[in-house]
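Have a look at the structure below before the remarks.
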Amino acid sequence: MSNSDGLSQNSVYRVLQDRKGFIWLSTENGLNRYDGYQFKVFSKDPSNPNSLAGSFTWHLSEDSKGRIWIGTFGAGFSKMNPKTHRFVNYIDRSNKNMRFQLNTIWAITETSDDRFWLGTFGGGMKLFDAKKGKIIRRYTKRSATKKGLPGNDVRSILAEKNGRLWLGTFDGGLARFNIKTGVFKQFPKSPKRIICLLKDSLHQCIWIATDGNGLWRFDLKTNRFSSCAAFSGKSVRALLPDPKNKDKLWVGTWRDGLAHYDFKNDQAEFYLHDPLDPASISDNLIISLTIDRSGLLWVGTFNGGVNILNPQINRFRVFSRNNLTTNGLSPNVIYGIAETDHFLWTGTNGGGLISWNRKNNSYTDYTTTNSDKNRRIVSNVVYSLLKDGDSALWIGTGKGLQRLDRKTGKLKLFAENPNRKGSISLNQVVSGLRDKKGRLWFGTFGGGLNRYDEKTGLFTHYKNDPQRKNSLSDNTIFCLFEDSKFNFWVGTDLEGLNLMDRSKGTFKRMIHPQLGSGQHIYSMTEDRQKNLWVATTNGLVRMIPSGNGNYDITGFTLKDGIPDLFVSAVVADPREGVWISSTKGISRIIPKKHSTGISVRNYGLQDGLPNLEFMSSSSHQGKSQTIYFGSAAGCVGFRPKELHDRTAQPVIAITGLKIFNKPVELIPGKQQNPERVVELGENFVIGQDITSLKRLELNYNQEMLFFEFAALDYLFPQSHKFAYKMEGFDSKWNYSGTNPNATYTNLDPGEYVFRVKGTNNDGVWSRHEAKIQIVIFPPWWETWWFRISVAFILLLSGILIIRKRIRSLQLKNIRLEQKVAERTAEINKRNAELVQKTDELSATNRKLVQLERFKDQMTVMIVHDLKNPLNGIVNLSDKISVGNNRSLIRDWPEDALPGDEYSRYPTFERQ
């Protein structure tokens, strides 16, 4: 990876994998963090005091607290908080004349109690106390003393648990420092110009890389130095132990590329840049080496960026002109393949026939222009190869069929001759087979099928006859195959698959959408379960014998997992299933045990294939159980039992967040709550890196979310697959394939948990999972406090209204009671008046009754009295006239009034 891939600059001085799994790279133009998909660059910003101290970064290390320490070239050193991306910078201003030397930091090593030892360019070694934030001690070279620092250019510092430091100085060699006593031990025989040190506890030694003086070994038991002859005179810039082989080192050199060093035998294998091979190392100037937790080797170069090598996997071996000698395969398009003893034969499209002797790693080519007539073939286009026992090789070319006698080395040509009966039907020979009865068969490109009789030297032709339905269906034959039941199958270019009755010379055409008319049949094989498999341009076909010559036929296409419909070739796996090649790589097919389906494992460029396009009918299976497929970039060979998926389980990380397609920026200190996303102008900001967050708080109007995530495994990360789920919204996992993104557009206010899981490049699902709690706050009118407030207000209002109503009713009742009382009083008064009047009327009535009675009595009396003598009236009249009428009446004799009958009348007095 280089600056064209997003790296800030192509000189990678250090590579570090932090505790979370991210890769950090120091360059001349900033610090880079890589997640497998993109680089995040940190550089010096003069307007921001919390940015990196200087953009030319050199040293990188992570301390026990997870902080990143960066040593710069002339600008001091920085301490970075990965959560907030804030840098605290330290610059040594103790000597103006040596400011650059003092502030060029080659090494930073932590010991204990938050103390760090710094190696500088010319200022010796310094002890930095992180708690106090300052240099508390300095160590420089003292002239004419053997107990001081031997040189001021300290390039490497190793810390031991026993309280000692090993120092590699450029100008003074190796030294040992006792932290407790403060005493240095120098080693006069030490090599100078030291670049880096590597402690090898297993072998009790320290490896010393030097500039121009090669690689050295210091024995900790004997205190002796020894040089490594394999690197004599070379400049060594980086060292790393091989975790898979305790007796080997990875060595980065200046100009001589990457070396894999076997120090037991003092032999090194060098990996150099090859302009013709894009998979070679990008630059021969190696300046840093690191192995990550999954076993990948990171190689930092001076001009070519960073390279990743997987030393654990050598799945496929490729035979092409890029990794063979100058007389190797050329060009790389491979048609025919055959294996004989320790020879691999390949027929090319324009490069003739190539033979590789695997014993002595030598190559022999057969071309039309070869000066040796025994290696001169009729055409440089070789379509097919057929191994014929241990003595011969049949070569199908575009200009005839040739037989190579491997014992004598002689070539014999069989060419089309219309004037000679029994010659081969056509010169373009594209397939061949020797059946179990020893007969030779050859298919041509347009000339039908040929059977060769070795006794007579004549060919028998089988061609398509439109008038005969049991004739060969098509005259172009790419596939010939005989199964375990001696059935002879002929695959044609345009008219599908034929089953030949060799005794009668007739053909039965298969009727099936993928095997019949219009289908191209390129290859055929039989697995261990005696099932037949056919490679076509319309997918893969399986034929399971069902008895009486019948077959249960199943076709497999893209929906079943095969990468492409154009299946170039198929070869049986020695254990189970089959292997196919296509225009999308190589795939392993394994039938499912309890269904008619298949499981598919696809291999591509990430697995070491030189190319994805494989040639039709180009395959071979040798005695060593090695399977070969011919591609457009060479011949690919592999042993199925040696192919194992990587078991590395990457850490999954949520690496980015966008809201309304705007990235959420990290600006620490802009808000009190670092988990809360706030709007700053037109941007969204947060106070902590999302990779460190466990909880994320959002407003209700920030509901359109776009998540980015990564599996922190760096071997072809574009092959990683993902699944994500928003708990509280999704009912099941969403499988996004290789897309490392997720979008949500309609999340309601509430609490959610966003979860992500992923695979490595081989599709192995990791047990690690990333998750973050998402809290979306509702608008103020939907908050609980607002609802409670509204409810309280409504309740209070209701209470007040009710109380007011009750009071109103009470007042009304009081007024009503008052009115009722008043009316009652009035009524009572009126009633009293009525009673009084009634009494008065009753009294009056009684008086009237009495009067009425009296009147009646008087009337009776008067009538009675009228009957008295007139004298009585005269006498009475006289008495009344006297004026004493009262006495008269008072003196009225009682007997003159007839009992009670007259008592009811009133007494009258005259006034």
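Quantities reported herein were computed from a predicted structural model and do not represent experimental measurements.
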For the side chain of Q621 and the backbone of V571, is there at least one donor-acceptor N/O pair under 3.5 Å apart?
no
Could you give me the CA-CA distance, side-chain angles and deciding distance for Y522 and F566, then say whether ring-ring contact (aromatic ring centres under 6.0 Å, His included) is met?
CA-CA 10 Å; Y522 286 143; F566 195 113; 5.4 Å; yes
Please step through side-chain hydrogen bond (donor to acceptor under 3.5 Å, both in side chains) for the pair Q428 and Y383, ending with a clear verdict.
CA-CA 8 Å; Q428 286 78 29; Y383 291 118; over 6 Å; no
Just jot down the ring-ring contact (aromatic ring centres under 6.0 Å, His included) partners of F716, sequence neighbours excluded, or say none.
none
Does a side chain donor of either R767 or Q649 reach within less than 3.5 Å of an acceptor in the other side chain?
yes
Does the cation-pi check pass for R509 over F507, that is, NZ or CZ under 6.0 Å from the six-membered ring centre and within 45° of its axis?
no
Check the orientation of [X] and [Y]. Use parallel for under 30°, tilted for 30 to 60°, and perpendicular for over 60°.
X    : Y    : value
W441 : F488 : tilted
H720 : F722 : perpendicular
F629 : F614 : perpendicular
F414 : W394 : tilted
Y551 : W489 : perpendicular

Looking at residues at least two apart in the chain, or sitting in another chain, which of them share a salt bridge (charged side-chain N to carboxylate O under 4.0 Å, His left out) with D388?
R434
Salt bridge (charged side-chain N to carboxylate O under 4.0 Å, His left out) partners for D527, two or more places apart:
none
Counting only heavy atoms not in I511, do more than 12 sit closer than 6.0 Å to its CD1 atom?
no
Beyond-backbone contact of M510 with M543, side-chain heavy atoms, under 4.5 angstrom:
yes
